[in-house]
K.L.:
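First the structure, which I've put down as structure tokens, then a few questions once you've had a look.
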Amino acid sequence: MKNKKQIEGKKLEEKLRERKIMLDKQFQFTPENIEKIKDFSEALLRKYNALFDKMSNIKRNLDLQIGSKDDSCLINEHYFICGNISIDSDKQELCDVVNRQQPYSISTSFGADSFDRVSTLLECDNWDIENLQPLNKYSVHICYAMHHFFTDGLFALSDILLLDKDDIQLSISIEL
């Protein structure tokens, strides 16, 4: 039974990739659509930064508790914090995409030196490549999360027109 579900899942994902390719070919970079892309990318980046800030505060607090050498500290030095950004829309035409799209994740653990904003969020680079390349001439900054969902992911560019900033969801999990 598991194989059948896996096969069905792979077929659905293949259909969604074909849908994305077809819709991306038809997408028109009109001034209105460019503005919507820009606004959504900026909203993703703001949420991205908020997630990073929350995770940094959690990490700082956990590191302080571990470093206090207090015998009552029950936190394991091998903790792991994972933050996810997902897009969750109740639009019927996006239901399958939302359910199959992997969230964008960032993570850290005790003693991790590389959890800094620039290297974690990759925000210095403009990710206006591949299907977002036509934006090069409009000076629209595309954040990495936008690239994850709309270039590497299952969302088509035209899906941005259906989405709202409130569809961007954040979650944090901690393994102690």
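Each residue takes its place number in the sequence, starting with 1.
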K.L.:
Treating S41 as the side-chain partner and I37 as the backbone partner, does any N or O pair qualify as donor plus acceptor under 3.5 Å?
P.N.:
no

K.L.:
Could you tabulate the donor-acceptor pairs under 3.5 Å formed by side-chain atoms of residues 21-28, not counting sequence neighbours?
P.N.:
{"from": "D24", "atom 1": "OD1", "to": "L157", "atom 2": "N", "distance (Å)": "2.8"}
{"from": "D24", "atom 1": "OD2", "to": "K20", "atom 2": "NZ", "distance (Å)": "2.8"}
{"from": "D24", "atom 1": "OD2", "to": "N131", "atom 2": "ND2", "distance (Å)": "2.9"}

K.L.:
K36 side chain to L163 main-chain N or O, any donor-acceptor pair under 3.5 Å?
P.N.:
yes

K.L.:
When rounded to the nearest 0.5 angstrom, what distance separates CD1 in I58 from CZ in R60?
P.N.:
10.5 Å

K.L.:
If every non-hydrogen atom of L51 is compared with every non-hydrogen atom of G83, which pair is closest and at what distance?
P.N.:
CD2-C, 3.8 Å

K.L.:
With a 4.5 Å cut-off on side-chain heavy atoms, are I87 and F149 touching?
P.N.:
yes

K.L.:
Decide yes or no for D159 and E93: does some side-chain heavy atom of the first lie under 4.5 Å from some side-chain heavy atom of the second?
P.N.:
no

K.L.:
Decide if atom NZ of K91 counts as having more than 12 heavy atoms of other residues, nucleotides or ligands within a radius under 6.0 Å.
P.N.:
yes

K.L.:
Hey, which of D167, L94, V98 is the one that makes side chain to side chain contact (heavy atoms under 4.5 Å, CB included) with D88?
P.N.:
V98

K.L.:
Nearest 0.5 Å please: distance from the SG atom of C95 over to the CG atom of D90.
P.N.:
10.0 Å

K.L.:
What are the two closest heavy atoms between A145 and L44, and how far apart are they?
P.N.:
C-CD1, 4.1 Å

K.L.:
Would you indicate whether the side-chain heavy atoms of I34 and T30 approach each other to under 4.5 Å?
P.N.:
no

K.L.:
Could you check whether any side-chain N or O of N33 sits under 3.5 Å from a backbone N or O of F29, counting only pairs where one atom can act as donor and the other as acceptor?
P.N.:
no

K.L.:
For the residue pair F150 and F40, does the interplanar ring angle fall in the parallel (under 30°), tilted (30 to 60°) or perpendicular (over 60°) class?
P.N.:
perpendicular

K.L.:
What residues, two or more places apart in sequence or in another chain, satisfy salt bridge (charged side-chain N to carboxylate O under 4.0 Å, His left out) together with R46?
P.N.:
none

K.L.:
Using the side chain to side chain contact (heavy atoms under 4.5 Å, CB included) rule, pick out the option among L170, I81, I174 that qualifies with M55.
P.N.:
I81

K.L.:
Are side-chain heavy atoms of L162 and F155 found at a separation under 4.5 Å?
P.N.:
no

K.L.:
Apply side-chain contact (heavy atoms from CB on, under 4.5 Å) to I85 and H148, showing your working.
P.N.:
CA-CA 10 Å; I85 300 172; H148 169 80; over 6 Å; no

K.L.:
Which is it for R17 and E13 under the side-chain contact (heavy atoms from CB on, under 4.5 Å) test, yes or no, and what are the steps along the way?
P.N.:
CA-CA 6 Å; R17 291 212 180 274; E13 193 164 318; 3.7 Å; yes

K.L.:
With a 6.0 Å cut-off on the ring centroids, do Y48 and Y104 count as close?
P.N.:
yes

K.L.:
Tell me if the NZ atom of K47 is crowded by more than 12 foreign heavy atoms within 6.0 Å.
P.N.:
yes

K.L.:
What distance separates E42 CD from H141 NE2, expressed to the nearest 0.5 Å?
P.N.:
9.5 Å

K.L.:
Looking at OG1 of T151 and CE of M146, how far apart are the two atoms once the value is rounded to the nearest 0.5 Å?
P.N.:
8.5 Å

K.L.:
So which heavy atom on R19 is nearest to which on V97, and how close?
P.N.:
NH1-CG2, 3.6 Å

K.L.:
Rounded to the nearest 0.5 Å, how far apart are CG of D166 and OG of S89?
P.N.:
11.0 Å

K.L.:
Among Q101, K11, R100, which residue meets the side chain to side chain contact (heavy atoms under 4.5 Å, CB included) test with L16?
P.N.:
R100

K.L.:
Atom CG in L12, atom CG in D96: separation rounded to 0.5 Å?
P.N.:
5.0 Å

